[in-house]
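These notes concern the structure reproduced below.
Note that this is a predicted model, so its numbers are computed, not measured.
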Number of protein chains: 2
Amino acid sequence: MTSRAGARKRDTYRHGDLRNALIQAGLELVRDGGPDAVVLREVTRRVGVVPNAAYRHFADRNALLRAVRQAALAQLAAAMETELAALPSADDPAESARARIRALATSYLRFAQAEPGLFRAAFSTSDMADTENASADGPGGLTAFQLLGAALDDLVESGALPLDRRPGAEYFVWSAVHGLAVLLIDGPLRGLLPVQAHEAGQRLMDSIERGI
Amino acid sequence: MTSRAGARKRDTYRHGDLRNALIQAGLELVRDGGPDAVVLREVTRRVGVVPNAAYRHFADRNALLRAVRQAALAQLAAAMETELAALPSADDPAESARARIRALATSYLRFAQAEPGLFRAAFSTSDMADTENASADGPGGLTAFQLLGAALDDLVESGALPLDRRPGAEYFVWSAVHGLAVLLIDGPLRGLLPVQAHEAGQRLMDSIERGI
DNA sequence: TGCGCATTGTGTACAATGTCCACATTGCCG
DNA sequence: CGGCAATGTGGACATTGTACACAATGCGCA
């Protein structure tokens, strides 16, 4: 029974794609429990492999966490792209750009509330975060940040935003949205009713439009 | 040598104020290393006491962390109060209120960059954060959040802010400032030069003033 | 004054975790 | 087909949070 045993082979010595399996398990853990829940031993346990096996694919528990973070960021980017795609096409380019920014903000906030664990992981420091570097992009190949930048560029192009206000604008928009997201899931606004949270989001986006 | 030994008595059986000593040591650790650096055993080690001694004052490592977080929040509030106090008195009440808001935002951002560890700890979740509840206030008895609220109230009173825009305004302001702070110390804006960070802060505050 | 008891700190112990090292099992490539 | 790099296993160790039983201490009451 060293090689083949009845119908069942020795399922997994060569797992095939352990690296990804580990990341997937990590995502599960992070989903409810945040970054700290990504315990190396538990991850490998779920995949049915010995703890040290992880070290063939990640230098560190931290490296694994980084990979999970990238995956979480990718999911966020994907959610934002989806929201963008569902947008009805407007005639007015300025209005269209504004609508896109609202859509991005909305999906960002929604993601944070629907998947707080993933969201926290996506923006946790741990070591030396690489929020933008590697493959944190969505299916469209753009990161969340880049999606926002594009919308802002279009806003300028449509003439709705003076060019001298453009530089740094994404920092303002992102700051506001990210800040609210954090306050909602970790800060004093935690535990707000969904309706109230939604209202806060709407007010925030109004302020953002005025402030850009 | 059970009781008295030479000149030195058995220095610390009754430590006197262990609870606070632990919090203080926790603050040191959090300062460079963030919340995860608050390791119960290391904290007690620094105070020169056995690990379990901590359990006479805190139910949990988490309870200790909560206390440290409160202390960090208090330091933030104190920094903001100081900045407010240093403000020259303006005649125009509207201008004064605006200046106060800027001062609050400035000190908030400055604190985050000067003490990222404390800042991160102050807003880390861990369990069930109590950013506002307990004694997270500064010397003046107001939390950071309340300081902001007061300034906004004055802005309304001075007629510079329509009353119907008041509700929820602090969420917008705080979101924007907090978001930038986080992006600066953890996010993609991490490692920006101080000058650039300052500039981003200025732009942000301009946008906030417009957006309120 | 002196004694008893609640408070506060100690000692020992245990399970869990991250990571190191040496070894085993593969599959692929020459 | 034989060896080698890649991948997974086993066992070990220091560190951590925490539980339980015990010791020292000092305050309140006799």
Open item on the list: Quick check on DNA chain C: between B:D17 and B:R41, whose nearest nucleotide comes earlier from the 5' end?
Closed with: B:D17
Open item on the list: Strictly below 4.0 Å: does A:H57 bring a side-chain N or O up to OP1 or OP2 of D:dG8?
Closed with: yes
Open item on the list: Over all strands shown, is A:R61 touching base, sugar-phosphate only, or nothing at heavy-atom distances under 4.0 angstrom?
Closed with: sugar-phosphate
Task: Separation of C:dT17 P from A:E42 CD (nearest whole Å) - done: 7 Å
TODO: Report the relative orientation of the aromatic rings in B:F145 and B:Y171; use parallel for angles under 30°, tilted for 30 to 60°, perpendicular for over 60°.
DONE: parallel
- [ ] Check the distance between D:dT18's C1' and B:N62's CG and give it to me in whole angstrom.
- [x] 13 Å
Task: B:N52 or A:V39, whichever maps to the more 5' nucleotide of DNA chain C - done: B:N52
Open item on the list: Using whole Å, what does the distance between atom C1' of nucleotide D:dT16 and atom CG of A:L40 come to?
Closed with: 16 Å
TODO: Indicate whether the side chain of A:Q24 and that of A:R19 have a donor and an acceptor atom separated by less than 3.5 Å.
DONE: no
Task: Interatomic distance where CG belongs to A:L18 and P belongs to C:dT26 [whole Å] - done: 16 Å
Open item on the list: What contact category does B:R45 fall into here, base, sugar-phosphate, or nothing, at under 4.0 angstrom with non-hydrogen atoms?
Closed with: sugar-phosphate
Task: Atom pair distance, as rounded to whole Å: CG in B:D36 and P in D:dG17 - done: 11 Å
- [ ] Please check the phosphate of C:dT19 (OP1 and OP2 only) for any side-chain N or O of A:Y55 closer than 4.0 Å.
- [x] yes
TODO: Could you tell me how the ring of A:W174 sits relative to the ring of A:H178: parallel (under 30°), tilted (30 to 60°) or perpendicular (over 60°)?
DONE: perpendicular
Task: From CD (A:E209) to CD1 (A:I101), nearest 0.5 Å - done: 7.5 Å
TODO: Figure out the CG/P separation between B:D60 and D:dT16, and round it to whole Å.
DONE: 17 Å
TODO: Report yes if at least one side-chain N or O of A:R56 is closer than 4.0 Å to OP1 or OP2 of C:dT26; otherwise report no.
DONE: no
- [ ] Can you tell me the distance, in whole Å, between the CG atom of B:L22 and the P atom of C:dG9?
- [x] 9 Å
- [ ] Output the distance between atom NE2 (A:H198) and atom OG1 (A:T106), rounded to the nearest 0.5 Å.
- [x] 6.5 Å
